[in-house]
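Pasting a structure below so you can have a look.
Numbering of ligands and ligand atoms starts at 1, following listing order. Side chains are part of it too, since the values below use all heavy atoms of this structure and drop only hydrogens, waters and symmetry mates.
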Amino acid sequence: MTNEVDSALDGTGAPTPAPRKNDPETLARQIVEKLTYSVGKTPAEARRYDWLEATTLVIRDRIIDQWMESSQRAKTSGEKRVCYLSMEFLIGRLLRDAINNLNLTEPIREALSRYGVDLDLVELLEPDAALGNGGLGRLAACFMESMASTDIPGFGYGIRYVHGFFRQEIADGAQVELPETWLAHGNPWEFERRELAYEIGFGGKVTTIQEPGRPARQVWRPAERVLAVAYDTPIVGWRGRRVNTLRLWSAQPLDPILLDAFNSGDHIGALVESNKAEAITRILYPADSHQAGQELRLRQEYFFSSASLQDIIRRHLHANENLSNLADKFSIQLNDTHPAVSVAELMRLLIDVHGHEWAEAWEITRNTFSYTNHTLLPEALEHWPIHLFERLLPRQMQIIYAINAGVIREAAQEKGFDDSKIAAISLIDEGNGRRVRMGQLAFVGSHAVNGVSALHTELMKETVFHHLHLLYPDRIENKTNGVTPRRWLMQANPGLTDLVTDAIGPAFLDDIEKIADLDPLADDAAFRERFAAVKRRNKEQLANLIGERMATQVDPGAIFDIQVKRIHEYKRQFLNIIEAIALYDQIRSHPERDWTPRVKIFAGKAAPSYAQAKQIIHLANDVARTINSDPAVRDLLKVVFIPNYNVSLAEIIMPAADLSEQISTAGLEASGTGNMKFAMNGALTIGTLDGANVEMLEHVGEDNIFIFGLTAEEVAQRRREAHSGRSIIAELPLLREALDAISSGVFSPEDPARYHDLVSNLYNNDWWMTCADFQAYWDTQRRLDALWQDQDEWQAKAVHNTARMGWFSSDRSIREYARDIWKAGPDA
Ligand code: GPW
């Protein structure tokens with residue numbers, strides 16, 4: 001621990017804070033001090049929420065010491081800084097993370113217990129910061145934590161949404177979306193930086209200024225302007241080693257109350273303008289892997305991109321004469337194409353504001369940016385109608401045309417591309433009512449472009465970026481995703497962490513790949529028993545939650561078979577539900593057989609406008625209602641849909657799974673990260689050869705993972721052949737009967753036609769290969785049933801999973817980015 005700051009005087013003669021002691025005695029005294037002077041309560045009056053606030057403030061003070069030190073170091077050392085631009089940061093709760101990373105869990109627990117307060121219950125009251133939709137946003141949060149933990153000077157840049165991801169309730173089986181208000185009670189983790197505000201323009205005109213003897217200049221005069229104000233949140237690395245900054249932008253009117261209009265009596269007019277500005281950062285778009293397409297979304301993208309770039313430039317010019325060496329001092333990672341307009345905006349700032357020549361500006365821009373692609377799904381690829389883009393960002397549109405001209409020239413001259421190849425790489429899609437392709441823009445504006453798993457990266461080269469890859473063959477590389485073991489193992493699963501520490505010592509806490517030392521213990525019967533006992537306690541905890549929230553009793557002795565993630569057709573929750581129905585039929589028809597008890601658990605949100613996904617949620621709930629109330633299956637099969645899946649719920653679910661469902665249509669899940677969280681916590685995976693499952697297979701070995709179904713290549717082949725489900729269904733009675741039950745209203749007697757569309761899509765098309773993969777999935781599930789009967793075997797495989805998943809730490813991902821793309825960090 002280095003958070004004992006030297007006292008007395010620093011070089012400036014200003015007093016520095018007194019050393020902080022971390023014994024329970026001191027912590028207890030400081031918590032009560034905060035309770036008294038910041039919260040205004042005595043220990044006797046204090047409610048649990050007040051203890052949360054006081055504890056948070058005490059922890060926050062300790063973070064601030066380290067934070068200032070880290071920021072100062074990044075500023076003065078001249079080391080390269082990494083900026084991670086992301087529309088989403090799905091961070092979840094921060095208190096436990098901070099306490100754990102400062103190594104204060106035990107002393108804080110002890111300090112609070114002196115007042116009869118339970119730390120675990122206090123932590124539960126913190127709102128879950130849901131500034132993201134799913135995997136992409138959670139990856140950004142894991143990466144922020146890993147940058148701090150691996151000592152990389154990292155800055156997150158994003159949007160401070162007033163309303164994060166919606167709260168989901170289930171009413172009569174269907175999803176209902178409710179607004180989320182994470183800031184309702186204030187946010188002790190953020191610091192508003194009023195002094196750090198930038199003007200962001202929209203619309204207006206570009207005029208050419210021609211002064212005698214000088215080259216022509218373009219001047220953009222925006223019609224509207226808003227302010228971007230910074231809010232900073234500290235991100236604490238493991239053992240408090242480094243504290244980095246997540247800087248989120250909030251939009252505010254340039255003149256908060258537009259005094260002129262207000263004073264002249266136009267109160268409404270003044271408010272309209274101010275509402276329009278604030279609307280930019282009011283809500284997170286809730287569609288995952290689907291382009292939203294609204295003007296407000298493009299405004300959000302440009303708003304946070306421009307603010308972040310202006311901030312980076314200010315920082316750079318603080319220590320450097322000009323921007324020529326920007327790429328030596330800053331790396332900017334674009335998290336998908338959401339910040340891709342940054343490429344045009346940096347060019348504008350370099351040329352129009354800072355007077356650089358085009359060629360030099362382009363060199364700087366390309367060397368500074370790198371881009372991560374997270375999907376190949378056509379419906380998720382961002383492209384904006386030219387007329388919208390031009391109206392909102394006229395100067396950036398000009399720059400995009402100029403970039404495009406240069407790229408096309410290069411392709412034609414140096415590679416001899418013909419018209420059809422040129423059309424494929426063009427930043428403008430001419431076929432679709434003329435649109436700007438953000439993927440192409442991000443690609444050409446970056447020196448490195450990466451996919452998020454080995455398979456996904458190969459498919460990028462073959463499909464979406466095929467022609468750009470021919471033009472720039474060294475640009476695409478792979479960086480397989482990872483997850484932070486601090487949150488997803490140590491904090492979420494303290495029981496397993498203690499067991500592993502006891503078995504192999506604490507070295508794995510600092511270097512997670514050392515958890516491999518656990519591997520031989522898979523053969524140790526006594527260890528397996530302790531491992532199984534930890535899992536059992538975690539399952540009991542989840543069973544209690546299910547009992548309390550949903551009044552459904554589930555047996556912790558059954559297989560906990562869990563699929564939690566966004567609801568999407570390609571992720572195939574439907575396949576899982578059909579299998580549950582087929583199993584239900586079989587149990588009813590053959591009650592005499594030796595069935596392995598299962599609890600099938602689902603959770604996840606559907607985009608509000610995604611009708612099919614909402615139908616799948618409805619079906620899961622309808623099926624749960626029917627099966628759970630049927631005495632014929634008793635405890636042999638239960639189906640549960642837990643509402644409002646979020647980071648905090650995931651922390652309870654991941655450690656409680658026996659079986660992890662990673663069953664996407666092969667070729668469509670870029671990586672997945674839930675797959676990693678589950679396996680790290682000792683779940684076996686049933687999955688397709690998709691995304692990072694492929695690499696998990698390599699690491700855990702084929703005996704310890706259950707792979708089934710079509711390969712990506714076979715899926716592509718069938719799609720070319722206009723495959724449909726009809727003939728498959730005809731040959732598989734299990735599948736046919738399950739589908740008949742759904743479409744005849746067995747699960748929705750009040751509305752028998754409810755699922756006609758869902759089922760008829762399988763007959764007519766089977767685009768997601770649900771029918772094509774059904775039999776293989778069913779057979780693999782039955783193998784797992786049999787395996788469960790041999791607990792020694794099952795638990796040995798579970799131990800192997802935990803022991804062999806160290807590579808999937810986001811520390812490893814971040815070190816690869818730092819080494820290959822950013823050339824930054826301690827090893828640079
Ligand atoms: F469409 N992902 C996500 F690529 O969670 F932008 N939201 C998104 O909008 C997109 C991707 C986008 C996910 C991928 O689906 C998942 O496979 C991957 O593990 C994750 O991003 C992180 O890379």
Criterion side-chain hydrogen bond (donor to acceptor under 3.5 Å, both in side chains) on Asn335 and Tyr371, from CA distance to verdict: CA-CA 6 Å; Asn335 195 25; Tyr371 153 55; over 6 Å; no
Gly672 N/O under 3.5 Å from ligand 1 N/O: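 N/O-N/O distance under 3.5 Å: yes.
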Under 4.0 Å to a heavy atom of His338 - the qualifying atoms of ligand 1, by number: 6 (F)
Glu169-Asn644 side chain donor-acceptor pair, cut-off 3.5 Å: no
Contact (N/O only, under 3.5 Å) between Glu669 and ligand 1: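 Among all N and O atoms of Glu669, at least one is under 3.5 Å from an N or O of ligand 1.
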Proximity of Phe143 to ligand 1 by residue part, where a heavy atom lies under 4.0 Å: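 The answer is neither.
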Nearest-option assignment for atom 9 (O) of ligand 1, heavy atoms, candidates Ala287, Gly132, Ala140, Ser289: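 Going through Ala287, Gly132, Ala140, Ser289 one by one, Ser289 has the nearest heavy atom to atom 9 (O) of ligand 1.
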Test item, Asp288 contacting ligand 1 (heavy atom, 4.0 angstrom): yes
From Asn244, Ile332, Thr245, Ile312, residue fulfilling side chain to side chain contact (heavy atoms under 4.5 Å, CB included) relative to Phe155: Thr245
Nitrogen or oxygen of Ala670 less than 3.5 angstrom from that of ligand 1: yes
Geometric N/O contact Ser671 with ligand 1, under 3.5 angstrom: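 Min N/O separation from ligand 1 is below 3.5 Å for Ser671.
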Polar proximity ligand 1 side, Gly134 side, N/O cut 3.5 Å exclusive: no
Sub-4.0 Å heavy-atom approach of His456 to ligand 1: no
Selection from Asp690, Thr375, Leu136 by shortest heavy-atom distance to atom 5 (O) of ligand 1: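 The residue whose heavy atom sits nearest atom 5 (O) of ligand 1 is Leu136.
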Identity and separation of the nearest protein heavy atom to atom 14 (C) of ligand 1: His374 O, 3.7 Å
Under 3.5 Å: N/O of Ala380 near N/O of ligand 1: no
Min N/O separation Tyr570 to ligand 1 under 3.5 Å: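 Yes.
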Residue that, paired with Cys771, satisfies side chain to side chain contact (heavy atoms under 4.5 Å, CB included) out of Asp766, Ile578, Asn765: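 With Cys771 as partner, Asp766, Ile578, Asn765 yield a single side chain to side chain contact (heavy atoms under 4.5 Å, CB included), made by Asp766.
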Modelled atom types, side-chain donor and acceptor of Thr375 and Asn373, under 3.5 Å: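 Checked: Thr375/Asn373 side chains show no N/O donor-acceptor pair below 3.5 Å.
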Distance-only polar pair, side chains of Glu669 and Tyr570, donor-acceptor under 3.5 Å: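 Yes, Tyr570 and Glu669 have a side-chain donor paired with an acceptor closer than 3.5 Å.
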Mutual orientation of the aromatic rings belonging to Trp768 and His568 [parallel < 30°, tilted 30-60°, perpendicular > 60°]: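 Correct class here is perpendicular.
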Residue pair Glu661 / Gln781, side-chain donor-acceptor N/O under 3.5 Å: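 Short answer, yes.
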Under-4.0 Å heavy-atom contact with ligand 1, by part of Asn481 that carries it: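 Contact part for Asn481 vs ligand 1: side chain (C-beta onward).
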CA sep, side-chain torsions, deciding dist, call: Val452, Thr457, side chain to side chain contact (heavy atoms under 4.5 Å, CB included): CA-CA 7 Å; Val452 289; Thr457 301; over 6 Å; no
Check: Glu345 side chain, Gln396 main-chain N or O, donor-acceptor pair, under 3.5 Å: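 Not at all, since once roles are kept as given, no pair shorter than 3.5 Å links the two residues.
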